[in-house]
K.L.:
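The structure's right below; bear with me while I get my questions together.
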Amino acid sequence: YNGQLRLVVQYNTTTEERNILRAVGDEQSIRNYRNDIGLITQGQRRSNIWANTDVENDRIRRLQRDSDFLLKVFYKPEFPVELVKLADKILLFNHPEKELLIYNDGIVEDVLEIAYILDKKWLKQLIWDESGEKIYGLFKHKKGVSLREINWNTGQTGLILVIEQPSYEVDRIILFDNHLYFSKVSSSRNGKRKVLIKQKI
């Protein structure tokens, strides 16, 4: 269903057995997806669905351009599902259902509510410092990006630092050994260039 239903699978490399830990998906979103795709008959453009009003079709056409609008825009999963291995535990950040599930040997040991997904400033990305066994989330900040540690015992977050940068690339932010690495745009006589910053946290 275009990524609407996501299976978290435990795979035993010795026995090659698979065990589904969790199926994550919103039944209403899947139903909406199937119903809307079902309205399209052969040869009919997605921007001209008969069940839509002319105003709605005009709106879709404006947004569609050359892409498959229904598939690529309307029906993307809103929240990520993240897995982190911590010692003998697996942490499943089930953001769509606002839960942090802690698995031990394939069995749910604890379930915590994660409230930060309600924060519109959350950038929907987690960063794991494997060496320090800490998990962080990135959030928009008026000065750039704030880094908050996520306490997996409580599901709460705490501010660590703010990366002061007017523009940023989330995929360039990396944590290792209690140091934060990120690229930053710097201006000089020769124009703008990216520099790599290392910052202790």
K.L.:
So is K89 actually on top of Y103's ring, under 6.0 Å and inside 45° of the axis?
P.N.:
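No.
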K.L.:
Which heavy atom in Y136 sits nearest to a heavy atom in E149, and how many Å separate them?
P.N.:
CD2-CA, 3.5 Å
K.L.:
Could you check whether the rings of Y181 and H179 sit parallel, tilted or perpendicular, using 30° and 60° as the cut-offs?
P.N.:
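Ring orientation, 0 to 90° scale: tilted.
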K.L.:
Please table the atom pairs, donor to acceptor, closer than 3.5 Å between any side-chain atom in residues 150-157 and protein atoms at least two apart or in another chain.
P.N.:
{"from": "N151", "atom 1": "OD1", "to": "N153", "atom 2": "N", "distance (Å)": "2.8"}
{"from": "N151", "atom 1": "OD1", "to": "T154", "atom 2": "N", "distance (Å)": "3.3"}
{"from": "T154", "atom 1": "OG1", "to": "Q156", "atom 2": "N", "distance (Å)": "3.2"}

K.L.:
With the threshold set at 4.0 Å, does a side-chain nitrogen-carboxylate oxygen contact exist between K124 and E82?
P.N.:
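No, this pair does not count.
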K.L.:
According to a 4.5 Å side-chain heavy-atom criterion applied to Ile, Leu, Val, Met, Phe, Trp and Tyr, with indirect links allowed, do L138 and L83 form part of one hydrophobic cluster?
P.N.:
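Different clusters: L138 never reaches L83 through Ile, Leu, Val, Met, Phe, Trp or Tyr contacts under 4.5 Å.
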K.L.:
Membership question, hydrophobic clusters at under 4.5 Å side-chain separation (ILVMFWY): are L91 and V108 in the same one?
P.N.:
no
K.L.:
When you measure from the centre of the six-membered ring of Y116, is the NZ or CZ of R148 under 6.0 Å away and within 45° of the axis?
P.N.:
no
K.L.:
Quick one: does L21's side chain get under 4.5 Å of V9's, heavy atoms only?
P.N.:
no
K.L.:
If you draw a 6.0 Å radius around CG in L196, do more than 12 non-hydrogen atoms from other residues or ligands fall strictly inside?
P.N.:
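Yes, enclosed.
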K.L.:
Any idea which heavy atoms bring F182 and I173 closest together, and the distance?
P.N.:
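Looking at all heavy atoms of both residues, the closest pair is CB-CG1, 3.9 Å.
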K.L.:
Using a cut-off of 6.0 Å, state whether more than 12 heavy atoms not belonging to N19 lie near its atom CG.
P.N.:
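For N19, atom CG is crowded (more than 12 foreign heavy atoms under 6.0 Å).
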